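Please read the structure below before turning to the comments.
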Amino acid sequence: MATEKTVSLLLSLLVLILFDSFSGECNAAAATSNMQEAQALLKWKGSLHGNEALQSWSLIPTINGSPCNWTGITCNGRGKVTEIKLRNCSLQGNLDQFSFSSLSNLAHLDLSGNALHGNIPNQIVESSQLFFLDLSLNQLSGVLPNSIANLTHLTHLRLHNNRLNGKIPHEIELLTSLTLLHLYNNQISGSIPQEIGNLKRLKDLQAQYNLLYGPIPSPLGNLTELTSLDLTKNRISGSIPNSLGNLTKLVWLHVGFNEISGTVPLELGNLQNLESLSLVSNILTGPIPPSFGNLRNLAFLYLTENQFFGTLPQEITNLTQLQQLRVGYNNLSGHLPRVCLHGSLVRFHVYDNHFTGPIPTSLKNCTTLQTVRLENNQLTGNISDFFQVYPNLSYIDVSCNEFYGQLSIKWGDYQNLTLFKVAANNISGMIPPEIGKLAKLHKLDLSSNHLLGEIPKELGSLTSLNELVLKGNQLTGLIPQEVGKLSSLETLDLSNNNLSGFIPEKLGDCSNLEDLNLSKNYLNGSIPIQIGNLANLKNTLDLSHNMLTGQIPPHLANLRMLESLNLSHNFLSGTIPTSMQEMCSLFSVELSYNDLEGPLPTSKGFEEAPLEAFIENKGLCGGVKGLPRCNSSFFNQFDGKKGNKIANTIVLSLAGAVCLLSISLWVYFFCQWRMRKKKNMVLDMNKRDPFPIWNYDGKIMYEDIIKATENFNDKYFIGEGGCGRVYKGDLPTGQVVAVKKLHSPENEEELYETSFKNEIQALTEIRHRNIVKFYGFCSHSRCSYLIYEYKEKGSLAICLSNEEEAVNLDWRKRMKVIRGVAHALSYMHHDCNPPIVHRDLSSNNILLDMEFEASISDFGTARLLKPDSSNWTMLAGTYGYVAPELAYTMRVTEKCDVYSFGVVSLEVIMGMHPGELISSLLTSGGAEMLLKDVLDQRLPQPNDQEMKEVVLTMILALACLSADPQCRPTMHHVSHGLSANKPLFLEPLLHTITLRQLMDLKL
């Protein structure tokens, strides 16, 4: 028994000895392995710069050579490195010395936010256990290696914000465990591989800001776990695949800033978890799908800069979570839907569309709004009735609409407001001084309205203001001295008003000014020398068309950054300071119509200016072709320096009696010339020719037009106006223009020249969406012509005479045409200073584009109604449209255009010229005709809403045809009446109403 115990004890001791021996060998092996990992990491550390974050990476304090206690290192229970997390450690270098083969247990590698460069090595595949790889926010370059597809355990792959190029490898389909793929902000090109649709576990795919092209692959619709898809800012084309409607878990879908075309598939309405949808800056067309109303969780809808048409679907009112709606730069029309019913809307952007009608009540009461952009539509309504309850409002632009009314003093309560623009509307009244309370305001634009009164001195409190634009109003009084307090101001435009008095010297304190425009006012006195303190003035200094006197101050030479200087149409005298040759940035100079004399400064800006920039002065000379060359006597006479004056005295004393006599005669001649010129300037401003003779816009040349029209070949002929034939021209720039070649009948040269100048003067003075754009002109010995924008549909007369086009011109479009013409005439009569009368308004002179937007053209007989002019003229106009009083009074007034507008309005409604109807209205029989019987029978009868608009138009049109000019409404009244959409108390009788009843109604 004792023997058995002894044997058992000996065996146990042997086992323990063997176990200890084995454990020692294992520990030794483990220590060796750990040492290899540590040495591999130290080797990589040695290749890096800026490795201060890795100070703990050293073998000295480690136990058994293990790196497990080093910064950013995590090990498993066996001491093997499994995680390396070195985010934002300022590491500089590459991965060439990183031994992936020595780190076979590495599962998590995060080196993001450093300054690593070079390629991603193919050896990365040797860390085969990697499931998390983040190399983002570095400077890595080269292609994405195909071998990365062998890391089949990867769930997260983040390579964004590097400089990677090449294509996404097709082998990426092998990463079947991938849930997150971030490749954005690189230079990756090629198409998105179809195989990416096999990554069934993928939840987050972001490849925005790359160079990807080709279509969105339809297999992306297989990624049913996807919650985020972002392909923004690539070169992706083709259409949006319907299969994306299968991604019902999608929360974020952004494919903006690409070249995607076609319509938006209705299936996107299935994405009921979607919170953010961006399709901005593509070529998408068609209507916005009503199915978007199903996206009940949608908070952000971005559709800006596409070609969507139709209305904003009413189903958008279902989007109760909507915070931002952006649909600007499209072709949307109709009324705005009732948004913000649940008070969550923060940003509402519908600018640059064709929306009409009033602001919906729900938007007026939307207290959550912060930014509102409604500019460039045809929205109507009294501006005093809305925008009153927005405590958080910071940005509002309602420019270029048809709002009317007065600015409320409540605008002063919006203390967060940074931008306030209501330009180009029909706003009247005075500027509320309360606007001076808006301490955060950066931009204020109230231009092109009907504002009266003085500029409030309280605006001087807007010390954060960068832009103040009040041009194109009827403001009077002085420019307040307080403007000088606007130390942050960069743009000041007070042009085209009725301001008077001196230019305040305090303007020189606006040290940040870059643009200053005070033109077309009645400012007098001299140019303050303090303007020379505006050293940052670099774009424009325009003081033209005023009554400024005195000399040009030499201090203007301090404006070394200035590019454009316009002092024309004043009464400036003396010489141009020679110091202005130091204005090295100047490339546009305009000094015409003054009393300047002496030599031009010898600098590029002056010597390369056209002759027209210096015409109608006392006696300028210099290197400009057409001016006399300056000789020594010019320089001696006009040099303002003391030394030169002494030299001049010596020269004159030696010149002798003959020279003295010559100089005396020369001075006498110019004095007489100057007196005559001033008299002519005051008494006969209309005789000036303020336009250059050649190449108005500096781009369109005579030879280009001749080539584009093949010397005005009949195959390019598209119409004929009262003063010339019109041709279509395709310019070398790719621009399509309309070119009017003016008639030059024998024995009527003066009439021809007058017509030419009238059209140029009218079109350079006016800017309106319903007036044809004027591009340039040419006066040549062989022919003269004017260049306009090309309107695809041609004239209104052509559309009404063509059966197919007339049917396309439905009632809604016809009312739009009439409104457009009314707005243009209202602008010409009431917003231009002096007013402009067209004198030849007819359906032949109204052009239509592809959207049936109307533009008035052919201003050859237009007349500027100067306050001191009798406005008597020869008969001009087209038979059937001319006001009857012109046959016996020959006196031109705005009411002549009002009559012509009435004729055109009836022509649009009837589909033909209303000649017989107008005469029959004087008889009881004609007046008793039913309205529905005179409507264009080629169209279906108007529905109730259309009939209401037709009736409103007919009421105004018949009033315009009154035989007594004083009984005709103004075009401002007509324009306002067509836009106000006033209620009619005869609505039940609209389809049975007579012309007599319409003639008796007043709006």
Side-chain angles (χ1 to χ4, degrees), residues 375 397 399-400 418-424 431 435 441-449 451 455 459-460 462-473 475 478-497 499 502-521 523 527-546 548 552-553 555-570 572 580 582-591 605 609 613 697-698 764-765 767:
E375 68 266 28
D397 190 345
S399 301
C400 299
T418 61
L419 183 145
F420 183 31
K421 290 188 175 184
V422 295
I431 301 174
I435 290 180
L441 198 63
H442 293 301
K443 295 186 178 181
L444 176 61
D445 188 349
L446 309 179
S447 61
S448 300
N449 281 290
L451 295 172
I455 300 173
L459 297 187
L462 303 176
T463 54
S464 297
L465 203 63
N466 304 126
E467 181 179 303
L468 175 59
V469 182
L470 304 177
K471 66 179 180 180
N473 283 288
L475 299 172
L478 307 178
I479 300 174
Q481 294 283 342
E482 286 77 8
V483 173
K485 297 178 181 180
L486 303 177
S487 57
S488 300
L489 202 62
E490 298 174 359
T491 297
L492 176 61
D493 193 341
L494 307 179
S495 62
N496 202 15
N497 279 287
L499 300 171
F502 293 171
I503 298 173
E505 296 178 354
K506 289 291 186 181
L507 265 180
D509 295 338
C510 299
S511 57
N512 287 302
L513 263 183
E514 298 179 0
D515 284 275
L516 175 59
N517 193 340
L518 306 178
S519 65
K520 297 182 181 178
N521 281 288
L523 301 173
I527 300 173
I529 62 174
Q530 289 80 3
I531 297 294
N533 297 337
L534 304 176
N536 287 312
L537 207 62
K538 60 181 181 180
N539 295 326
T540 301
L541 173 58
D542 191 346
L543 306 179
S544 65
H545 292 269
N546 279 291
L548 299 174
I552 299 174
H555 304 76
L556 293 189
N558 297 331
L559 307 179
R560 303 292 178 82
M561 301 171 62
L562 190 65
E563 296 178 353
S564 176
L565 173 65
N566 193 345
L567 304 178
S568 66
H569 295 81
N570 280 290
L572 300 172
M580 292 182 74
E582 299 171 6
M583 301 173 71
C584 52
S585 297
L586 206 60
F587 73 84
S588 175
V589 182
E590 177 62 72
L591 300 176
D697 63 358
T764 52
E765 292 287 337
R767 294 288 187 276

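Computed from a predicted structure; not experimentally measured.
Nearest heavy atom pair, residue Gly484 against residue Cys510, reads CA-SG, 3.9 Å. Shown here for Glu505 and Gln481, the closest heavy-atom pair between the two residues is N-OE1, 4.4 Å. Here the closest heavy-atom approach between residue Pro553 and residue Pro528 is recorded as CG-O, 4.3 Å. Smallest separation of non-hydrogen atoms from Lys520 and Asn546: N-ND2, 4.0 Å. Leu559 approaches Met583 most closely through the heavy-atom pair O-CE, 3.8 Å. Nearest heavy atom pair, residue Thr463 against residue Ser488, reads O-OG, 3.0 Å.
In this structure, the side chains of Asp397 and Val422 stay at 4.5 Å or more apart for every pair of heavy atoms. With a 4.5 Å cut-off on side-chain heavy atoms, Leu548 and Ile527 count as touching. Side-chain contact between Leu486 and Leu492 is absent, with no heavy atoms from C-beta onward closer than 4.5 Å. Counting only heavy atoms from C-beta outward, the side chains of Leu499 and Leu475 approach each other to under 4.5 Å. Looking at heavy atoms from C-beta onward, Glu467 lies out of side-chain contact with His442 at the 4.5 angstrom threshold. Within the 4.5 Å cutoff, the side chain of Leu494 has no heavy atoms near those of the Asn517 side chain. Asp493 places none of its side-chain heavy atoms less than 4.5 Å from the side chain of Leu468. At a threshold of 4.5 Å between non-hydrogen side-chain atoms, the residues Leu516 and Leu518 count as touching.
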Which atom pairs, donor and acceptor, lie under 3.5 Å between side-chain atoms of residues 530-543 and protein residues at least two apart or in another chain?
{"residue": "Asn536", "atom": "ND2", "partner": "Ser511", "partner atom": "O", "Å": "2.9"}
{"residue": "Asn539", "atom": "ND2", "partner": "Asp515", "partner atom": "OD2", "Å": "2.7"}
{"residue": "Asp542", "atom": "OD1", "partner": "Ser544", "partner atom": "N", "Å": "3.0"}
{"residue": "Asp542", "atom": "OD1", "partner": "Ser544", "partner atom": "OG", "Å": "2.6"}

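Ser487 contributes atom OG, which lies 9.5 Å from atom CG of Asp509 (distance to the nearest 0.5 angstrom). Remark: Glu514 CD to Met561 CE distance equals 7.0 Å, nearest 0.5 Å. If you take OG on Ser588 and CG on Asn566, they are separated by 7.0 Å, rounding to the nearest 0.5 Å. Between atom CG of residue Leu446 and atom CD1 of residue Ile435 there is a gap of 5.5 Å, rounded to the nearest 0.5 Å. A distance of 8.5 Å separates NZ of Lys421 from OG of Ser447, quoted to the nearest 0.5 Å. Distance check, rounded to the nearest 0.5 Å: CG of Leu470 to CG of Leu444 gives 6.0 Å.
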Please step through side-chain contact (heavy atoms from CB on, under 4.5 Å) for the pair Phe420 and Leu441, ending with a clear verdict. CA-CA 8 Å; Phe420 183 31; Leu441 198 63; 4.0 Å; yes

As a quick check of understanding, evaluate side-chain contact (heavy atoms from CB on, under 4.5 Å) for Leu567 and Val589, giving each step before the final call. CA-CA 8 Å; Leu567 304 178; Val589 182; over 6 Å; no

Go through the steps to decide whether Ser568 and Leu591 satisfy the test side-chain contact (heavy atoms from CB on, under 4.5 Å), and finish with yes or no. CA-CA 4 Å; Ser568 66; Leu591 300 176; 6.0 Å; no

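With Asn497 contributing its side chain and Asn473 its backbone, the two residues share a donor-acceptor pair below 3.5 Å. In this structure, Asn496 contributes its side chain and Lys471 its backbone to no donor-acceptor pair below 3.5 Å.
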